[in-house]
Amino acid sequence: MPSEELSNQPLPYRMAPRNLDEYVGQEHIVGKGKLLRRMIEADRLSSVILFGPPGTGKTALARVIANCTTSKFRSINAVTSGVGDIKAVIEDAKNPLLSEGRKTVLFIDEIHRFNKLQQDALLPYVEDGTIILVGATTENPFFEVNKALVSRSTVLQLHSLTDDDIVKILKNAIQDKERGYGLTDIRISDSTLAKIAGLSGGDARNSLKALELAVITTPSGADGSISITDEVVSECMQNRTVLFDKDGESHYDNISAMIKSMRGSDPDAAILYLARALAGGEDIEFLARRILICAAEDVGLANPNALLVASAAYQAAASVGMPEARIPLAEACIIVASSPKSNAAYLAIDKALSDVKSGDTGSVPMHLRNAPAKGMEDLGYAVGYKYAHDYPGHVVKQQYMPDAVLGKKYYEPTDIGYEKRIAEYLDYVERIMNKDD
């Protein structure tokens, strides 16, 4: 069993890697010959910002750096620290007696929590090399961290751990005699380990917490062994961890993927991203608006009914709320993804707006103008207008465009879905318009 001091610490803390050989995952930055590994092994670290989902090893990497560097290592958390804490570290780093002539590596966990003033306080000392910054964040630093600070750091992205990575971490914890359960007879199958990995959502911390809970809540058998089954794991973990922050980067990534999947006519992918958003607590009216916009922008007149379904789903979801709202939202999402696509109407209005904003589109022809008051017809208002329903096919040859843009085409229908019928009808109209009198 772990020492008394270690046994009081949670398993994820106890099993934190002490060096690069114990670090699991993120081969793209700490694998043999990769940039960060070379920097750590040569003890020539420069400022870096690590970002990625929870439990992917950002803080663990900082601990590895602390164990491997000859520099003075200081650590603060942006949630509980302020400018005063930053200044204290800077003063110590500048003091040759306190720094012992060594560089100072400052690890700031959750660096995105620092406000602009706090981040600005770091900038000159990162720039002149007084401190080497190691920042960790679950948010995209290109959005949440001072641009000047980002430009002076190497930004490294950590990815969710694979199931194989998680299983390896769990096996290490079970076998480790100093920090883990190496002195305890734990019986657990590979399939059960895989189940823990699958439910952890790529988060090593979650998987180790689940293992610890399973061990301490499972009574020993007659032979002193602890048997951890799928049923025990299900009780300890309940539902798979959903990596979704409705206020963070994953919010934007997930909704972007949902929209692009609907636009790309993949209903399965679209419904998956909708489910992730709903499970993460996303605002249902926000989701309904995005589906409604996609129906108008991407499906358009290739299937006009898609907009009606999306609009009805919006109203239904807002009326009933969750969990029932998931059903009309799913129906609208699927109909939009499964419909033929045309953005011809979207392009038409944007082209017309561009012309209206950038130049003179001319005056409304006199015969199309309104003549509500007596005497206006004497000035030419509405004179000569031909009522379309009085003519064969309900179409009559006359000018509708202003002279300044006569002949300009804004709407160019495709031959997809219902829009093909629109195109055929407009061809018929054009033949009448071009017919000699």
Side-chain angles (χ1 to χ4, degrees), residues 1-31 34 36-37 39-41 43 45 48-81 105-111 132-138 156-184 186 193 196-197 200-216 236 241 243:
M1 290 293 289
S3 66
E4 184 175 347
E5 181 182 355
L6 273 177
S7 63
N8 292 326
Q9 301 291 346
L11 182 63
Y13 183 87
R14 301 201 307 264
M15 290 306 301
R18 295 163 293 189
N19 52 55
L20 286 171
D21 290 335
E22 291 181 353
Y23 192 87
V24 177
Q26 314 306 335
E27 289 293 315
H28 63 293
I29 57 173
V30 294
K34 297 300 182 180
L36 186 58
R37 189 184 191 98
M39 291 167 64
I40 294 171
E41 289 178 338
D43 198 9
L45 194 69
V48 295
I49 297 177
L50 309 170
F51 86 98
T56 51
K58 300 181 294 297
T59 304
L61 259 183
R63 289 176 183 159
V64 168
I65 292 169
N67 292 336
C68 296
T69 184
T70 57
S71 300
K72 199 170 185 67
F73 191 89
R74 298 287 298 273
S75 175
I76 62 177
N77 189 297
V79 174
T80 56
S81 304
V105 175
L106 174 60
F107 172 62
I108 304 178
D109 200 7
E110 300 191 74
I111 190 172
I132 297 169
L133 172 67
V134 177
T137 173
T138 55
L156 300 172
Q157 183 175 14
L158 282 71
H159 304 300
S160 295
L161 297 175
T162 66
D163 285 1
D164 287 343
D165 290 335
I166 298 290
V167 168
K168 184 175 181 180
I169 290 169
L170 292 170
K171 286 184 175 180
N172 289 342
I174 291 170
Q175 296 164 3
D176 193 300
K177 295 179 180 179
E178 179 186 352
R179 300 174 296 159
Y181 297 118
L183 298 178
T184 303
I186 294 176
L193 287 172
I196 297 176
S200 69
D203 187 325
R205 191 181 299 108
N206 279 341
S207 68
L208 289 169
K209 282 163 54 181
L211 175 64
E212 183 176 37
L213 183 59
V215 170
I216 64 179
C236 291
T241 301
L243 287 177

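Just so it is clear, the structure is predicted and the values come from calculations on it, not from any experiment. Numbering of residues begins at 1 and proceeds along the displayed sequence.
- The two residues Val64 and Pro17 make their nearest non-hydrogen contact at CG2-O, 3.7 Å.
- Taking Asn67 as the reference, nothing meets the side chain to side chain donor-acceptor pair (under 3.5 Å) condition, with sequence neighbours excluded.
- For Asp176, the salt bridge (Lys or Arg N to Asp or Glu O under 4.0 Å) test picks out Arg179, with sequence neighbours left out.
- For Glu41, the salt bridge (Lys or Arg N to Asp or Glu O under 4.0 Å) criterion is met by Arg37, not counting sequence neighbours.
- Summarising the geometry of Tyr23 relative to Thr56, their closest heavy-atom pair is OH-O, 3.6 Å, with the distance given to 0.1 Å.
- Considering only residues two or more places apart in sequence or on other chains, Arg205 meets the side chain to side chain donor-acceptor pair (under 3.5 Å) condition with none of them.
- Every residue two or more places apart in sequence or in another chain was checked for a side chain to side chain donor-acceptor pair (under 3.5 Å) with Thr80, and none qualifies.
- Looking at residues two or more places apart in sequence or on another chain, you find no salt bridge (Lys or Arg N to Asp or Glu O under 4.0 Å) involving Lys34.
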Next item on the list: Check the pair Thr69, Leu45 against side chain to side chain contact (heavy atoms under 4.5 Å, CB included), reporting the backbone distance first and the verdict last.
Entry: CA-CA 8 Å; Thr69 184; Leu45 194 69; 5.9 Å; no
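- Legend: residues meeting side-chain contact (heavy atoms from CB on, under 4.5 Å) with Ala66, ordered by chain and number and at least two apart, are Phe73.
- Asp109 is linked by a side-chain contact (heavy atoms from CB on, under 4.5 Å) to Thr59, Asn77, Phe107, Ala136, counting only residues two or more places apart in sequence or in another chain.
- Considering every non-hydrogen atom in both Ala78 and Ile111, the closest pair reads CB-CA, 4.1 Å.
- A donor-acceptor contact closer than 3.5 angstrom links the side chains of Asp165 and Thr162.
- Not a single side chain to side chain donor-acceptor pair (under 3.5 Å) links Ser75 to another residue, sequence neighbours left out.
- Side chains of Val24 and Leu161 form no contact here, defined as non-hydrogen atoms less than 4.5 Å apart.
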